[in-house]
Amino acid sequence: MGKIRLYIDHPFVPGQAVPLDAAQAHYLSGVMRQGPGSDIEVFNGRDGAWTARIEAAGKRGGAAALIAAAAPQQDPPDLWLLFAPIKKARTDFIVEKAAELGAARIQPVQTDHTNAERIRQDRLQAHAIEAAEQCGGTFVPPVADLAPLARLLDGWDPARRILWADEALAGQADPLAALPRGPWAILIGPEGGFSEAERRRLAAMDCVTRIGLGPRILRADTAAVAALTLWQAALGDW
């Protein structure tokens with residue numbers, strides 16, 4: 001059996017217990033058949049990973065005692081992902097892969113051609129947590145609620161550069177290594193592309209860099225993974 005890992009949003013104090021909510025306690029006892037005395041790994045997104053020993057796990061919750069540090073905290077580079085939500089399963093995929101690939105913040109955006117008018121922010125945040133639990137991460141990127149792209153751009157800090165994956169540039173692959181390091185955001189548009197008004201506004205912003213993602217037109221979920229991978233390899237912590 002692989003190591004059981006749980007994200008617990010609670011301060012870690014060595015030698016003290018951390019609480020398990022009802023869902024976590026059920027997962028440990030009812031699904032994984034683990035009870036008092038079993039060791040698991042826990043993390044809170046701030047204090048690294050810790051070995052913890054289950055003290056109690058029942059229908060209403062439980063507790064686990066912190067035993068020893070298992071891995072240091074590893075935070076991602078200062079990279080945000082802005083994307084227009086698409087179909088439910090593919091939006092879930094984008095959030096999961098963004099968490100795995102090292103996005104520091106995930107921001108769904110409403111564009112002129114975005115198909116989805118609302119999202120379940122709590123469900124998407126749960127997907128980010130699950131991705132970190134399964135992939136050995138110690139950081140969980142916050143998933144913001146859906147926000148209009150125009151409003152975000154109105155208050156945009158120009159010190160955070162925007163990498164715009166522009167489908168109009170399909171056919172070329174742009175190297176990123178020459179771009180400046182520092183805070184960035186990757187912007188992935190909707191399936192129907194950005195409107196002409198949005199394209200004009202983005203093109204007029206000095207902090208925006210347009211790139212192509214190679215010779216093929218990519219679906220939005222594939223484009224998000226490709227852009228995150230390229231940025232991490234050139235400017236991130238890979």
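Given the structure is predicted, the values throughout are model-derived calculations rather than measurements.
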- Item | Q121 atom CD: more than 12 heavy-atom contacts under 6.0 Å | yes

- Query: For D206, does the CG atom sit with more than 12 other heavy atoms under 6.0 Å from it, leaving out its own atoms?
  - Reply: no

Can you tell if the side chain of [X] reaches within under 4.5 Å of the side chain of [Y], non-hydrogen atoms only?
X    : Y    : answer
F83  : I186 : no
W231 : L179 : no
F43  : E133 : yes
L169 : I211 : no
W50  : I8   : no
H127 : R120 : no

- Message: Among I94, V143, L146, which residue satisfies the side-chain contact (heavy atoms from CB on, under 4.5 Å) criterion with L124?
- Response: V143

- Message: Using the rule that Ile, Leu, Val, Met, Phe, Trp and Tyr join whenever any side-chain heavy atoms are under 4.5 Å apart, tell me whether V140 and L81 fall into a single cluster.
- Response: no

Taking all non-hydrogen atoms of both residues into account, name the closest pair between [X] and [Y] and its distance.
X    : Y    : answer
I40  : I54  : CG2-CD1, 4.1 Å
P141 : Q125 : O-NE2, 3.1 Å
P77  : D237 : CD-OD2, 3.4 Å
Q107 : A147 : NE2-CB, 3.7 Å
P76  : A103 : CG-O, 4.0 Å
A64  : A52  : CB-CB, 4.0 Å

To the nearest 0.5 Å, what is the distance between [atom1] on [X] and [atom2] on [Y]?
X    : Y    : atom1 : atom2 : result
D221 : I86  : CG    : CD1   : 4.5 Å
E167 : R219 : CD    : CZ    : 15.5 Å
L28  : S38  : CG    : OG    : 8.5 Å

- Note on the structure: Contacts satisfying salt bridge (Lys or Arg N to Asp or Glu O under 4.0 Å) that involve residues 35-52 (not counting sequence neighbours) are K3-E41, R5-E41, D9-R46, D39-R53

- Note on the structure: So salt bridge (Lys or Arg N to Asp or Glu O under 4.0 Å) across residues 66-83, not counting sequence neighbours, yields D78-R160

- Task: Quick one: list whatever passes side chain to side chain donor-acceptor pair (under 3.5 Å) with E191, sequence neighbours left out.
- Result: R90, N115

If we ignore hydrogens and angles and just use 3.5 Å, is the side chain of [X] paired with the main-chain N or O of [Y] as donor and acceptor?
X    : Y    : value
Q232 : L101 : yes
Q74  : T138 : no
E55  : G37  : no
S29  : G35  : no

- Task: Report the C-alpha distance between E96 and Q134 in whole Å, list the side-chain angles of each, state the deciding distance to 0.1 Å, and finish with yes or no for side-chain contact (heavy atoms from CB on, under 4.5 Å).
- Result: CA-CA 10 Å; E96 291 168 0; Q134 294 182 350; over 6 Å; no

Donor-acceptor pairs under 3.5 Å, side chain of residues 10-22 to any protein atom, not counting sequence neighbours: which ones?
{"residue": "D21", "atom": "OD1", "partner": "A23", "partner atom": "N", "Å": "3.2"}
{"residue": "D21", "atom": "OD1", "partner": "Q24", "partner atom": "N", "Å": "2.7"}

- Message: Could you list the cluster mates of L153? Members are the ILVMFWY residues connected by side-chain heavy atoms closer than 4.5 Å, either directly or through other members.
- Response: W80, L82, V109, L149, L152, W156, I162, W164, L187, F194, L202, M205, V208

- Decide side-chain contact (heavy atoms from CB on, under 4.5 Å) for L228 and K97; before the verdict, give the C-alpha distance in whole Å, the side-chain angles of both, and the deciding distance to 0.1 Å. CA-CA 9 Å; L228 285 163; K97 300 313 168 189; 5.8 Å; no

- Residues in salt bridge (charged side-chain N to carboxylate O under 4.0 Å, His left out) contact with R201, at least two apart in sequence or another chain: D154

- Message: For L163 and L230: C-alpha separation, side-chain torsions, deciding distance, then whether side-chain contact (heavy atoms from CB on, under 4.5 Å) applies.
- Response: CA-CA 11 Å; L163 193 68; L230 290 172; over 6 Å; no

